[in-house]
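To start, the structure itself, in structure tokens.
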Amino acid sequence: ETSKRLMSIVLREIGHLNLWINDFLEFSRPSHIEKHSVDITRMLKETVEAFEHDDAMENSSVGVNAHQQWFVKGDPVRLKQVFWNLLKKK
């Protein structure tokens with residue numbers, strides 16, 4: 001009888017863990033990404049300008065040498081984060 005009771009507890013806890021894992025996986029999946037036309041030339045220039053004031057750039061310099069606008073379809077917030085992360089890794 002003790003074994004059955006313990007097995008019941010274990011199975012119930014496995015069910016709880018399964019729910020937590022599913023919740024975590026649902027949370028970690030990217031939500032629907034809305035793509036917009038993004039001027040990456042302007043975005044890069046703005047990101048670099050903001051980054052120049054970061055303490056991590058103390059002994060570095062970065063510039064954007066673009067003479068025309070370049071557009072891509074994407075999520076502007078995520079694209080800006082990608083550029084920021086790349087600059088941080090310099």
Side-chain angles (χ1 to χ4, degrees):
E1 180 161 331
T2 303
S3 296
K4 286 183 179 181
R5 198 180 80 226
L6 290 175
M7 184 58 77
S8 174
I9 293 170
V10 167
L11 291 174
R12 187 174 60 241
E13 291 306 312
I14 289 173
H16 291 155
L17 288 173
N18 191 38
L19 288 174
W20 289 351
I21 290 169
N22 285 333
D23 286 347
F24 174 76
L25 291 173
E26 186 65 34
F27 175 75
S28 67
R29 286 187 191 110
S31 59
H32 176 70
I33 297 173
E34 293 205 23
K35 295 179 181 178
H36 303 278
S37 181
V38 178
D39 180 349
I40 61 169
T41 306
R42 189 189 73 195
M43 180 180 285
L44 275 169
K45 288 179 179 181
E46 290 173 356
T47 305
V48 166
E49 184 179 351
F51 195 75
E52 287 174 338
H53 302 287
D54 191 293
D55 291 339
M57 290 298 294
E58 189 174 320
N59 296 317
S60 302
S61 68
V62 176
V64 177
N65 186 11
H67 302 290
Q68 65 185 38
Q69 291 177 304
W70 291 89
F71 290 88
V72 297
K73 284 273 195 193
D75 181 331
V77 174
R78 290 182 180 186
L79 285 169
K80 185 170 267 194
Q81 187 64 50
V82 167
F83 296 141
W84 189 266
N85 291 346
L86 288 171
L87 288 168
K88 282 286 224 195
K89 299 287 183 201
K90 60 176 165 79

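Just so we're clear, the structure is a prediction, and the values are computed from it rather than from any experiment.
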Should [X] and [Y] be counted in the same cluster of Ile, Leu, Val, Met, Phe, Trp and Tyr side chains packed under 4.5 Å apart?
X: Val64; Y: Val62; result: yes
X: Val48; Y: Val72; result: yes
X: Trp70; Y: Val38; result: yes

Shortest non-hydrogen separation from [X] to [Y] and the atoms involved:
X: Met43; Y: Lys80; answer: SD-N, 3.6 Å
X: Lys73; Y: Ser37; answer: CD-N, 4.2 Å
X: Thr41; Y: Ala66; answer: CG2-CB, 3.6 Å

Separation of [Y] [atom2] from [X] [atom1] (nearest 0.5 Å):
X: Leu44; Y: Asp39; atom1: CG; atom2: CG; answer: 9.0 Å
X: Ile40; Y: Arg42; atom1: CD1; atom2: CZ; answer: 12.0 Å
X: Ile9; Y: Lys4; atom1: CD1; atom2: NZ; answer: 14.5 Å

Worksheet item: Under the ring pair (Phe, Tyr, Trp, His ring centres under 6.0 Å) test, which residues partner Trp84, sequence neighbours left out?
Response: Phe51
Discussion item. How about CD on Glu34, more than 12 heavy atoms from neighbouring residues, nucleotides or ligands closer than 6.0 Å, or not?
Written reply: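 Not more than 12 within 6.0 Å, no.
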Worksheet item: Any ion pair linking Asp75 and Arg78 (charged N to carboxylate O, less than 4.0 Å)?
Response: yes
Worksheet item: Do Met7 and Leu11 have side chains that get closer than 4.5 Å, going by heavy atoms?
Response: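 Of all side-chain heavy-atom pairs linking Leu11 with Met7, at least one is under 4.5 Å.
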Output side-chain donor-acceptor pairs under 3.5 Å for residues 17-24, partner residues at least two apart or in another chain, one line each.
from, atom 1, to, atom 2, distance (Å)
Asn22, ND2, Asn18, O, 3.3

